[in-house]
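Let me begin by presenting the structure, written as structure tokens, before commenting on it.
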Amino acid sequence: MQPSFYEQVHQITKLIPKGRVTTYGAIAKALGAARSSRMVGTAMMHAHDPRLDVPAHRVVNHIGLLTGKHHFDNPNQMQVLLESEGIIIINDQVKDFKKLFWNPLEEI
DNA sequence: GTGTTGACCCCAA
DNA sequence: TTTGGGGCCAACA
């Protein structure tokens with residue numbers, strides 16, 4: 001069976017370690033589609049299904065901003081989930097983003 | 001088969 | 001330094 005682009009994105013996202021974050025662009029690059037970063041975000045919206053077990057809250061845009069928080073049931077949920085994993089959020093932005101950044105290319 | 005949309009990214013003024 | 005505009009490609013109607 002040929003996994004759709006969305007499925008591949010979900011696979012990568014599930015590999016994100018707890019307490020770490022990554023970017024849409026990095027995931028796109030890991031899939032070999034560096035210019036399809038927008039699709040990665042759209043795939044996250046499909047990941048809303050809990051059965052997929054996709055930690056969409058660990059994925060932020062390229063500056064560590066929680067751009068997708070409005071797509072959660074409660075916008076605060078994304079921040080709360082991240083903070084529960086030890087990640088500090090300031091102004092909808094990940095603190096020490098560069099340190100917490102997880103590069104899929106190095107793990108795969 | 002065509003057109004629109006989007007949880008983005010990059011570059012120029 | 002901050003702001004604005006264009007490009008990109010896959011999925012959906």
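Each chain gets a letter, A, B and so on, in the order the sequences are listed, and its residues count up from 1. All values derive from a computational prediction rather than experimental measurement. Excluded from the calculations below are hydrogen atoms, water molecules and symmetry mates; all remaining heavy atoms, backbone and side chain alike, are included.
Closest approach of A/F97 and A/V60 over heavy atoms only: CE1-CG2, 3.6 Å. Taking each heavy atom of A/M78 and A/H57 in turn, the nearest pair found is CE-O, 3.5 Å. Of all non-hydrogen atoms in A/S37 and A/G25, the two that sit nearest each other are CB-CA, 4.0 Å. Listed here is the closest heavy atom pair of A/G19 and A/L100: O-CD2, 3.6 Å. Between A/G68 and A/Y24, the closest heavy-atom pair is N-OH, 4.3 Å.
Applying the ring-ring contact (aromatic ring centres under 6.0 Å, His included) rule to A/H46 yields the partners A/Y6; only residues at least two apart in sequence or on another chain are considered.
Screening A/V21, A/V54, A/T22 against A/I16 for a side chain to side chain contact (heavy atoms under 4.5 Å, CB included) leaves a single residue, A/T22.
Taking 4.5 Å as the limit, every side-chain heavy atom of A/V80 sits out of range of all side-chain heavy atoms of A/N74.
Using a 4.0 Å cut-off on heavy atoms, the residues of residues 22-35 of chain A that approach DNA chain B are A/Y24, A/G25, listed by number.
Here C/dC12 presents its P atom at 16 Å from CZ of A/R38, a figure rounded to the nearest Å.
With DNA chain B read from its 5' end, the first of the two nearest nucleotides for A/N61 and A/M39 is the one closest to A/M39.
Base contact: A/F72 has a heavy atom under 4.0 Å from a base atom. In this structure, A/A56 reaches the bases: a heavy-atom distance under 4.0 Å links it to at least one base atom across the strands shown.
In the set C/dA10, C/dG7, C/dC12, C/dC12 carries the atom at the smallest distance from any side-chain atom of A/H46.
Bounding nucleotides for the chain A contact on DNA chain B, 5' to 3', at a heavy-atom distance below 4.0 Å, are B/dG6 to B/dC10.
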